[in-house]
Amino acid sequence: MSTLITINEIYYLIGVIVMLLVGMTLRDKGNPKRLTTALFWFLFGAVFLFSDLLVSSLGKPMAYRIIGVVVILISLIAGFGLLSIGTYKQRSAEQRQASANQYGNWIFVPAILIPVVTVLCTILLKGVAIGGVYILDQKQLTLAALCVGCICAILAGWKLTGGTPLHAVRESRRLLDAIGWAAVLPQMLAMLGGVFVAAQTGKSVQQVVGLFVNPENRFMLIVIYCVGMALFTMIMGNAFAAFPVMTAGIALPFIIVGQHADPAPLVTIGMLAGYCGTLMTPMAANYNIVPAALLELKDKYQVIKVQIPTGLTLLAANILLMYFIVFR
Amino acid sequence: MDSSILLPLIGIPIVVAGFAFRFNPLLVVTVAGLATGLAVGMDFGMLLETFGEKFINSRSLAVYVLILPIIGLLESYGLKERAQDWISSMASATSARILMLYFILRQVFGALGLTYIGGQAQTVRPLLAPMVEGAATARYGDLPQHIRDKLRAHSAACDNIAVFFGEDIFLAFGAVLLIDAFLKENGITNVEPLHLGLWAIPTAIAALAIHMFRLVRLDAGIQRDVNAWKKSEAKEVAA
């Protein structure tokens with residue numbers, strides 16, 4: 001069965017938007033490193049526009065190798081500080097205030113359309129097909145729905161302000177430049193996770209931890225599992241990556257089998273102990289570093305610093321909750 | 001101990017040291033990946049393949065690029081200004097109260113599976129942060145950048161914490177399904193996803209209590225920051 005809006009088309013749309021921004025960057029004489037900045041975003045956009053084509057024409061191994069080289073180039077450009085921020089024709093503060101007064105709370109409508117349309121499409125278009133064609137990609141329903149939400153929002157914004165979709169893309173360059181290299185970090189971390197899986201890093205962690213564990217001390221086992229989840233999540237940037245490693249290495253053999261703990265609360269709270277780690281690491285880039293860039297904070301680590309007190313207190317709370325619940 | 005079990009761990013100190021010395025994170029991650037792959041004897045071509053495959057397969061992480069155009073457009077037509085004016089007109093709105101309300105809504109919606117209501121690009125930058133700043137400027141007048149940054153960082157933190165410790169209650173959320181699959185794979189078959197969601201509730205309540213306690217103290221903290229700043233300003237003028 002075919003699909004009207006597939007996830008691949010959404011990737012092409014991202015690629016097209018990024019390429020438009022590349023063109024604008026090339027023409028931006030005010031950007032001191034416009035050529036390398038444009039090259040960085042061109043390589044990033046090319047992955048979205050051309051990787052399906054590469055896979056279908058060259059086969060997976062060759063296509064993946066080429067993208068692998070592209071990824072290394074991207075990290076070299078960023079690593080040698082060759083990215084910079086452009087100059088933008090912006091409406092003045094007076095003009096913005098005048099528009100704000102003119103539109104009143106209507107200005108919120110397009111922004112609120114994004115989540116509302118996304119949720120409605122996710123609920124209403126699940127499994128919906130017309131004439132044998134699914135309207136939205138069923139495997140990535142929320143993403144497809146989010147894309148519909150963004151398009152509705154752009155159209156509503158166009159109608160409200162008279163600023164065209166192209167104008168909207170032009171305005172977005174300011175935001176993407178502010179995010180900069182952090183835009184690519186989440187995908188880079190997924191990549192590192194893939195290498196760790198291939199290298200069986202998890203097994204090594206398990207063996208090393210096994211050397212220090214006293215299997216009779218229940219409280220200590222709980223502390224090691226929770227703190228281990230948080231620490232390994234901080235390194236991997238993702239609790240999902242830490243979960244199988246720590247749970248198979250510590251929770252399963254020592255706490256469930258060895259101490260007959262109740263498995264459901266044990267592993268659920270274990271995952272949530274990992275989330276405490278997510279709050280405290282720059283590796284969770286899309287939660288901690290991208291927002292700092294989006295909000296134009298001078299200190300890229302300020303979001304993390306604000307989250308650390310809650311993260312640590314909640315980790316302690318999780319240890320106590322786990323100890324009293326799983327051995328009740 | 002066989003030292004070869006340590007080789008796959010080489011990426012971990014590289015990541016930690018790379019961040020400590022403030023090298024560019026993209027470079028740090030790439031070097032850690034290369035070092036780990038080569039240390040365990042992966043062929044360089046295969047390593048490149050792993051890089052490319054994972055990078056392509058995680059393209060969905062970049063969908064927020066789609067949100068930027070509309071946010072950029074609305075901002076150029078006064079979205080932030082309107083958000084600030086609107087909040088300033090409410091006498092009872094303080095920065096901390098707005099954050100508390102947002103935290104509760106975000107956690108409740110997350111628990112119902114509506115995690116896409118909210119988010120850093122779609123709500124924090126265009127709406128929440130300007131409102132929180134607006135409430136503070138309505139109270140104290142124009143504020144210096146470091147106090148604004150603190151309010152913005154708190155806005156981002158609220159969104160993260162509320163959604164992390166709300167969404168696990170919802171059964172169809174990825175983490176619950178991942179845990180369920182892991183348990184079944186390891187021969188523990190008497191656990192239903194419903195139980196997993198229920199056991200996320202105590203932590204959700206703890207997260208709510210801990211963060212609310214911090215937010216209750218935030219307004220007083222901002223007041224202190226503003227006083228300290230005004231004092232140092234006055235000193236500069238006097239000097």
Side-chain angles (χ1 to χ4, degrees), chain A residues 11 14 51 64-65 67-68 71 75 78-79 91 96-97 99-100 107 111 114-115 118-119 143 150 153-154 157 161 163 168-169 171-172 175 181 186-188 190-192 194-195 199 201 204 207 235 263-265 267-268 271-272 275 287 291 294-295 297 302-303 306-307 310 313-314 317 321, chain B residues 5 8-9 12 24-27 29-30 33 36-37 40 48-56 58-61 63 65-66 68-70 72-73 76-79 81-82 114 116-117 120 122 125-126 149 152-154 156-157 160 164 175 179 188 191 195-196 199-200 202-203 206-207 210-211:
Chain A
Y11 295 150
I14 294 174
S51 51
Y64 289 161
R65 280 179 195 213
I67 303 293
V71 169
S75 70
R91 298 177 82 240
R96 289 202 304 271
Q97 190 61 55
S99 305
I107 192 90
I114 301 175
T118 307
V119 169
L143 291 188
C150 290
I154 288 271
T161 64
V169 173
E171 291 293 340
S172 72
L175 301 181
W181 52 260
Q187 277 175 269
M188 289 276 187
M191 195 178 87
L192 182 63
V195 176
T201 302
S204 291
Q207 284 171 309
I235 290 161
V267 296
T268 304
M271 179 70 94
L272 295 167
Y275 284 15
Y287 295 110
L294 268 175
L295 295 169
L297 302 183
Q302 195 166 1
V303 175
V306 165
Q307 288 173 168
T310 302
T313 318
L314 194 53
L321 280 171
Chain B
I5 70 163
L9 301 176
I12 295 172
N24 181 282
L26 296 190
L27 200 59
V29 169
T30 306
T36 305
V40 298
L48 277 183
E49 251 183 78
T50 310
F51 273 26
E53 183 186 358
K54 296 295 168 190
F55 197 79
I56 291 182
S58 55
R59 278 176 292 176
S60 63
L61 291 170
V63 284
V65 170
L66 292 175
L68 302 181
I70 183 64
L73 182 71
S76 77
Y77 284 93
L79 181 68
E81 285 77 5
R82 182 63 209 163
L114 304 176
Y116 279 80
I117 293 199
Q120 301 290 352
Q122 55 268 59
R125 166 159 174 140
D149 280 0
R152 290 178 189 179
H154 265 283
N160 282 337
F164 285 1
I179 295 172
I188 297 169
V191 174
H195 296 145
L196 302 173
W199 289 121
T203 303
I210 291 166
H211 206 68

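Order of the sequence lines sets the chain letters (A, B, ...), proteins ahead of strands, with each chain counted from 1.
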K.L.:
Quick one: of L297(A), V303(A), L192(A), who has the most non-hydrogen atom pairs under 4.5 Å with chain B?
P.N.:
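Result: the option with the highest number of such pairs is L297(A).
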
K.L.:
Chain A heavy atoms under 4.5 Å from I210(B): which part of the residue, side chain, backbone, both or neither?
P.N.:
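It is the side chain, since no backbone atom gets that close.
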
K.L.:
Pick from Q207(A), Q307(A), Q187(A), Q302(A): which one has the most heavy-atom pairs with chain B under 4.5 Å?
P.N.:
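Highest number of heavy-atom pairs under 4.5 Å: Q187(A).
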
K.L.:
Identify which part of A317(A) has an atom lying under 4.5 Å from any heavy atom of chain B, answering side chain, backbone, both or neither.
P.N.:
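For A317(A), the contact with chain B is made by the side chain alone.
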
K.L.:
With chain A as the partner, which of S60(B), P69(B), P25(B) has the greatest number of non-hydrogen pairs under 4.5 Å?
P.N.:
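Greatest number of close heavy-atom pairs with chain A: P69(B).
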
K.L.:
Against chain B, label L295(A) side chain, backbone, both or neither, depending on which of its atoms sit under 4.5 Å from a heavy atom there.
P.N.:
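The answer is both parts of L295(A).
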
K.L.:
If you tally heavy-atom pairs under 4.5 Å against chain B, which of V267(A), V71(A), T310(A), I14(A) wins?
P.N.:
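Winner by heavy-atom pair count: T310(A).
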
K.L.:
Listed by chain and number, what are the salt bridge (charged side-chain N to carboxylate O under 4.0 Å, His left out) partners of E49(B), not counting sequence neighbours?
P.N.:
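Partners of E49(B) by the salt bridge (charged side-chain N to carboxylate O under 4.0 Å, His left out) criterion, ordered by chain and then number, come out as R65(A).
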
K.L.:
Take the angle between the ring planes of F164(B) and Y287(A) and call it parallel below 30°, perpendicular above 60°, tilted in between.
P.N.:
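Answer is perpendicular, since the angle exceeds 60°.
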
K.L.:
Going by atom types only, do R82(B) and S99(A) share a side-chain donor-acceptor pair under 3.5 Å?
P.N.:
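Absent: no donor and acceptor within the cut-off.
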
K.L.:
At a heavy-atom separation under 4.5 Å, does P126(B) approach chain A through its side chain, its backbone, both, or neither?
P.N.:
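Neither part, no heavy atoms under 4.5 Å.
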
K.L.:
Only pairs of heavy atoms separated by less than 4.5 Å count here; which of G163(A), A100(A), G157(A) has the most with chain B?
P.N.:
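Result: the option with the highest number of such pairs is A100(A).
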
K.L.:
Of all the heavy-atom pairs spanning A200(B) and T268(A), show the shortest one and how long it is.
P.N.:
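Closest heavy-atom pair between A200(B) and T268(A): N-CG2, 3.8 Å.
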
K.L.:
At a heavy-atom distance under 4.5 Å, which candidate from L321(A), I235(A), V169(A), V195(A) has the highest pair count against chain B?
P.N.:
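Most pairs with chain B among the choices: V195(A).
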
K.L.:
I188(B) versus chain A, heavy atoms under 4.5 Å apart: side chain, backbone, both or neither?
P.N.:
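Only the side chain of I188(B) comes within 4.5 Å of chain A.
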
K.L.:
Test your reading of the model: is there a side-chain donor-acceptor pair from Q120(B) to the backbone of R125(B), 3.5 Å cut-off?
P.N.:
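It does not hold such a pair.
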
K.L.:
Would the distance check show the side chain of T36(B) and the main-chain N or O of P8(B) forming a donor-acceptor pair, the cut-off being under 3.5 Å?
P.N.:
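Absent.
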
K.L.:
Would R96(A) count as a cation-pi partner of Y77(B), with NZ or CZ less than 6.0 Å from the six-membered ring centre and within 45° of the ring normal?
P.N.:
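Not flagged: R96(A) not positioned over aromatic ring of Y77(B).
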
K.L.:
Less than 4.5 Å to any heavy atom of chain B: does that hold for the side chain of M188(A), its backbone, both, or neither?
P.N.:
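Looking at M188(A), backbone and side chain both touch chain B.
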
K.L.:
Can you tell me which of S76(B), G37(B), P202(B) forms the most heavy-atom pairs within a distance under 4.5 Å of chain A?
P.N.:
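Max contact count across the listed options: S76(B).
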
K.L.:
Which one, A199(A), P263(A), G194(A), leads in non-hydrogen pairs under 4.5 Å with chain B?
P.N.:
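Of the candidates given, the most pairs with chain B belong to A199(A).
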
K.L.:
Chain A heavy atoms under 4.5 Å from V29(B): which part of the residue, side chain, backbone, both or neither?
P.N.:
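For V29(B), the contact with chain A is made by backbone and side chain together.
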
K.L.:
With sequence neighbours left out, what residues match S172(A) under side chain to side chain donor-acceptor pair (under 3.5 Å)?
P.N.:
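Side chain to side chain donor-acceptor pair (under 3.5 Å) list for S172(A), sorted by chain: empty.
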
